[in-house]
Amino acid sequence: MTVVQASFIGVGAMVGAGIFALLGAAGAVAGSAVWLSFLIAGAIAGLQGYSFAKLGSAYPSSGGMLTYLAKGFGEGHVTGIVSWLFYMTGAIVAAMVATSFGGYASAVATDDDPVWAVVFAVLLVVVMTTLNVVGSSAVARVQAVIVNVVLAILTLFAIVTIANWNPSLLSPAGYPGVREIISSVALTFFAFLGFGVITFTAKDLPRPARQLPRAMYLALLIATAVYVAVSLGVFGTLTADEVVEYGPTALAEAAKPTLGEAGYALMVITALFSTAGAVNASLYPSAGMTRHLAQVGQFPGAFARQIGGRAPFGLLVMALLTIFMIVALDLNAIASLGSAVALLIFSAVTVSHFRTYRETGASLLILIVALVATLGTFVVFTTTTLVNEPRTAIALVVIVLAAITLDLIWKRVRERSLPSADR
């Protein structure tokens with residue numbers, strides 16, 4: 001895997017369906033200053049990316065950020081609980097994005113038939129799981145195609161809308177207060193959460209110590225540029241109230257003045273490609289991550305095996321979990337769960353970095369700023385979003401308790417299976 005291919009794994013995970021849903025929600029808080037909110041969120045993600053890049057240079061591993069966590073906290077309960085949390089959340093995020101794909105595909109092919117929406121979502125998971133079984137090179141090639149298509153369409157969209165925008169719609173005189181803009185960062189930051197997937201590409205990079213940081217920074221730079229350009233194009237074409245009203249179709253509506261109905265078609269194609277890429281990127285870490293966790297004793301040994309000599313057990317379990325959630329759960333009711341958990345995991349990794357920063361050569365000051373920014377985002381998110389989504393709050397508590405339970409049970413089973421001399 002090359003640096004560009006590794007970065008595209010991250011770009012695919014970030015530039016998913018979130019850009020469609022986020023503009024309306026962020027616009028309701030920050031108005032036409034959403035582009036500024038994306039810029040601030042990109043800076044915060046860059047701080048976290050700095051931490052991950054330093055850790056990746058020092059400790060390249062298929063275990064990605066979970067390896068970094070273990071370097072600070074050891075292979076005890078903290079690392080175990082966060083590992084289970086990350087694994088389960090990965091399945092939830094993959095299911096949510098696949099459901100979005102199913103919704104778009106059903107709208108195009110079956111006139112919004114809900115049954116077909118589920119079928120399309122499940123088929124996408126099956127296809128992307130098969131692709132991951134084939135190998136990381138296949139994942140990288142397909143992801144490169146997907147990301148190139150998405151970036152090409154969004155770039156075209158940004159150029160066309162910015163070339164025909166109304167600058168008065170973006171006048172700072174119409175911006176809300178600083179507090180509202182900062183509050184909206186808690187929403188726009190979620191569009192960057194996928195960059196953590198890049199840490200799991202270390203096993204596929206020839207020189208991970210040098211290439212992983214480059215892939216991290218490149219992915220964040222591309223995502224930030226895309227988000228800022230798209231938000232400028234949308235809010236320079238539509239009023240903030242119109243963006244909020246149109247919601248997920250705001251991009252299509254902003255393209256209509258110059259591209260007509262072709263703009264709507266382009267946005268549907270973008271949504272299909274971006275959600276497919278996001279599912280691919282969500283499933284990608286599961287194979288190497290679970291194999292690493294099994295080898296160090298955090299997960300049962302079965303997760304280090306391959307079914308039929310080719311299919312990683314951890315990947316298949318995640319795929320089955322994802323499909324179960326698509327079929328059995330109301331994922332819309334817990335739409336923000338993945339974001340909340342990701343913020344907690346990022347914070348935990350940064351705390352562990354405090355114990356190893358002398359080995360990684362990281363700046364302690366930057367790490368402190370990164371932790372404060374990430375935890376601050378979580379606090380703002382909790383006070384502005386979770387309070388209005390009780391099901392998400394309950395789901396967050398449930399999944400944390402489930403991770404704790406799984407870790408305690410597995411550690412007890414593992415302890416009993418060890419010879420008395422090794423205990």
Side-chain angles (χ1 to χ4, degrees), residues 1-19 22 38 41-57 60-68 86 89-90 93-94 97 128 131-132 136-151 154 188-205 207-228 230 273-289 338-339 342-343 345-346 349 370 374:
M1 190 178 291
T2 65
V3 169
V4 173
Q5 288 174 327
S7 69
F8 276 12
I9 293 288
V11 173
M14 286 186 281
V15 187
I19 186 64
L22 276 174
F38 272 118
I44 294 174
L47 290 169
Q48 202 69 54
Y50 168 84
S51 174
F52 284 5
K54 287 293 187 180
L55 287 163
S57 295
S61 167
S62 61
M65 66 177 75
L66 301 179
T67 298
Y68 313 158
F86 184 86
T89 305
V93 170
V97 179
M128 291 306 176
L131 180 67
N132 276 268
S136 59
S137 60
V139 171
R141 286 196 296 270
V142 171
Q143 194 73 353
V145 172
I146 291 173
V147 172
N148 278 319
V149 170
V150 171
L151 291 181
L154 290 179
T188 55
F189 182 76
F190 301 146
F192 294 92
L193 294 178
F195 78 86
V197 173
I198 299 173
T199 63
F200 296 94
T201 65
K203 71 182 191 306
D204 300 313
L205 291 169
R207 297 179 300 280
R210 293 180 57 193
Q211 294 174 312
L212 187 67
R214 294 177 184 177
M216 185 77 67
Y217 295 136
L218 178 60
L220 285 170
L221 181 63
I222 291 173
T224 303
V226 168
Y227 291 145
V228 171
V230 168
F273 271 89
S274 61
T275 48
V279 170
N280 186 29
S282 296
L283 293 172
Y284 166 76
S286 59
M289 174 189 75
S339 302
L343 287 168
I345 293 174
F346 286 179
V349 173
T374 307

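T188 and A41 get closest at one heavy-atom pair: OG1-CB, 3.5 Å. Here the closest non-hydrogen pair linking A13 and A281 is CB-CB, 3.6 Å. Contact record, N132 with Y284: OD1-CA, 3.1 Å, taken as the closest heavy-atom pair. Heavy atoms only, all atoms of each residue included: M216 and F52 are closest at CE-CB, 3.6 Å. Taking both residues in full, the closest heavy atoms of L205 and A6 are given as CD2-CB, 3.9 Å, listed atom of the first, atom of the second, then distance. Pairing each heavy atom of S286 with each of L283, the nearest pair is OG-O, 2.7 Å.
Atom OG1 of residue T67 and atom CE of residue M289 lie 10.5 Å apart, to the nearest 0.5 angstrom. Atom-to-atom distance recorded for F346:CZ and L47:CG is 13.0 Å, nearest 0.5 angstrom. For the atom pair S61 OG and L212 CG, the distance stands at 11.0 Å (nearest 0.5 Å). Expressed to the nearest 0.5 Å, how far CD of Q143 lies from CG of L131 amounts to 9.0 Å. Separating the OG atom in S7 from the CD1 atom in I222 is a distance of 5.0 Å, to the nearest 0.5 Å. A distance of 4.0 Å separates CD of Q48 from OG1 of T374, quoted to the nearest 0.5 Å.
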Show, in sequence, the C-alpha distance, side-chain angles and deciding distance for L55 and V349, and conclude whether the side-chain contact (heavy atoms from CB on, under 4.5 Å) test is met.
CA-CA 10 Å; L55 287 163; V349 173; 3.9 Å; yes
Going through the checks in order, is the side-chain contact (heavy atoms from CB on, under 4.5 Å) test met by F38 and V230?
CA-CA 10 Å; F38 272 118; V230 168; over 6 Å; no
Apply the test side-chain contact (heavy atoms from CB on, under 4.5 Å) to residues F273 and V147: give CA-CA distance (whole Å), side-chain angles for both, the deciding distance (0.1 Å), then the verdict.
CA-CA 8 Å; F273 271 89; V147 172; over 6 Å; no
Intermediate values then yes/no, side-chain contact (heavy atoms from CB on, under 4.5 Å), L220 and M14:
CA-CA 9 Å; L220 285 170; M14 286 186 281; 4.1 Å; yes
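Looking at T89, its side chain never comes within 3.5 Å of a backbone N or O of F86 through a donor-acceptor pair. With hydrogens and angles disregarded, no donor-acceptor distance shorter than 3.5 Å links the side chain of T201 to the backbone of D204.
Side-chain contact between N148 and F8 is present, with at least one heavy-atom pair separated by less than 4.5 Å. Residues I9 and F200 are not in side-chain contact: their nearest non-hydrogen atoms beyond the backbone lie 4.5 Å or more apart. I44 places none of its side-chain heavy atoms less than 4.5 Å from the side chain of F192.
Note: F195 and Y217 fail the aromatic proximity criterion, with ring centroids not under 6.0 Å apart.
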